[in-house]
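Naming: A, B, ... by sequence-line order, numbering from 1 per chain.
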2 protein chains.
Amino acid sequence: MSRAAYHHGDLPQQAHQQALDILRAESDTAISLRAIAKQIGVSAPALYRHFADRETLLAELAITGFQWLRDRLRQVEQDDPRKALLHIGLAYVSFAQDEPHLYRLMFGGRILPKGAHPRLDEAGLEAFRVLESTLARGQREGYLKPLPLPLMTATAWSLVHGLSELIIDGHLPGADAEPRLAESVLTLLLHGSRNEPESHTEDTTP
Amino acid sequence: MSRAAYHHGDLPQQAHQQALDILRAESDTAISLRAIAKQIGVSAPALYRHFADRETLLAELAITGFQWLRDRLRQVEQDDPRKALLHIGLAYVSFAQDEPHLYRLMFGGRILPKGAHPRLDEAGLEAFRVLESTLARGQREGYLKPLPLPLMTATAWSLVHGLSELIIDGHLPGADAEPRLAESVLTLLLHGSRNEPESHTEDTTP
DNA sequence: TAACATTGTTAACACCGATAACATAACATC
DNA sequence: GATGTTATGTTATCGGTGTTAACAATGTTA
């Protein structure tokens, strides 16, 4: 063997990239440490010098995914708070559509149990805070009902997350036929679902 | 070997139950055909006489999951259409909370690719139709805005699905502290998120 | 240069899903 | 009742996986 290549020097980054490529092309289950090692040209146990185990490698992928999502949400124009909410939702769904396998890994749940990878939890929280602060701003500016912020964020996040998953899993056949579905769904939440525009602000806990 | 036990007679049902037990206690990844076979007291390849492969067995579990979900949604009182919508949403989230691993399997996406198991797709559709028909009834009775039904169902389903996943994955810490979170979130969608109760029914596609 | 830490290696363990070839039981038909 | 067919088991085996142990080579530093 060429003695220059014994210490690879770039192994963790290359393994990370390789795993990401496989994830995008196939799914998380298709990620095999042995296959990655072979592709890079290194023995399989070498990976264990840089990743505690397979799950930790997957967690690293999910972390970068949350960073990308956070960045994309931050890039949304925040001029008009009404449009900001819609556009943040659209950016969120677009991210899931652009990176379906990565998104599933980030929110898989069964994989990557919460609490096992603190940096992952923190990365998820950072992305979440972008959504939260936008909602808080909408409330401050009087555009949104002055309901408890956790309730607002839970509702908004549930909608965009659920919509993202249903779309990328093909449960909403209208997603392809109707490219503005996400826009309509988000607008429906923003405008409310009630027919009679009564002011039932006290009625949230009947 | 006791000749009476050669033909087991109850193998598929027992394998199904065993897999379901493992799924509930651990996760879908913990389901191993070999382990199931050993527990039942049969050789591993015997399972292949009843299930094409591991994925098909998982699909069977998901099918029964969708049937349970459908039944629980059907059991919801439908007297008051306004309450019916809320209660169907609550029943949906409760199911996910009661059967988190099963719910993740049903909506995992990465596993059980859509189209690969027609009976599974049909079972999912049946559960979906309960939600759809309740929404349609709400529109007929004038309680809900006369928006396109696919838009209404996509929105409602996205919300309950997203809420369910975020809760069972522990992303909404308020779920334990605030048992009425689901109720509040669903009510928020029903009442609308807008502060000014204008009638923007034409404004869904700005 | 010698000691040490880092980062590779090969060998091996304990699993896994899946298939092939074969054996037994149940059953249908003459 | 004997016989051929089908259903349902068996054992043996293949190729694959994550992971660990024991060892070797390189890089770093006193």
Answer yes or no: does a side-chain N or O of [X] lie under 4.0 Å from OP1 or OP2 of [N]?
X: A/Ser32; N: D/dG18; result: yes
X: B/His50; N: D/dG9; result: yes
X: A/Ser43; N: C/dT10; result: no

Separation of [N] [atom2] from [X] [atom1] (nearest whole Å):
X: A/Phe51; N: D/dG18; atom1: CZ; atom2: P; value: 13 Å
X: B/Ile111; N: C/dG17; atom1: CD1; atom2: C1'; value: 13 Å
X: B/Asp28; N: C/dC16; atom1: CG; atom2: C1'; value: 15 Å

task: Mind checking A/Ile31 for me? I need base, sugar-phosphate or nothing, with any heavy atom below 4.0 Å counting as a touch.
output: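 Since only primed, P, OP1 and OP2 atoms lie under 4.0 Å of A/Ile31, the category is sugar-phosphate.
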
message: Check this for me, if you would: do B/Arg70 and B/Glu132 make a salt bridge, where the nitrogen-to-carboxylate-oxygen distance has to be below 4.0 angstrom?
response: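 Judged by the 4.0 Å cut-off on N to carboxylate O distance, B/Arg70 and B/Glu132 do not form a salt bridge.
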
message: Looking at B/Glu122 and B/Arg129, is there a salt bridge between them, counting it only when a charged N and a carboxylate O are closer than 4.0 Å?
response: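 Yes, B/Arg129 and B/Glu122 are salt-bridged.
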
- request: Report yes if a donor N or O on one partner sits less than 3.5 Å from an acceptor N or O on the other, where the partners are the side chain of A/Arg34 and the base of D/dG18; otherwise report no.
  value: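 Answer is yes: a donor-acceptor pair is held.
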
query: Starting at the 5' end of DNA chain D, which residue's closest nucleotide do you reach first, A/Arg49 or A/Leu33?
result: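 On the 5' side of the pair lies A/Leu33.
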
- prompt: Out of curiosity, B/Phe66 CZ to B/Glu126 CD, how far, rounded to the nearest 0.5 Å?
  reply: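 With rounding to 0.5 Å, CZ (B/Phe66) is 11.0 Å from CD (B/Glu126).
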
What's the closest nucleotide to the [X] side chain, out of [options]?
X: B/Pro45; options: C/dC16, C/dT19, D/dT19; result: C/dT19
X: B/Asp53; options: D/dT20, D/dC23, C/dA18; result: C/dA18
X: B/Tyr48; options: C/dC16, D/dG18, C/dT19; result: C/dT19

- prompt: Can you find a heavy atom in the side chain of B/His171 that is under 4.5 Å from one in the side chain of A/His161?
  reply: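 Side-chain contact under 4.5 Å: no.
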
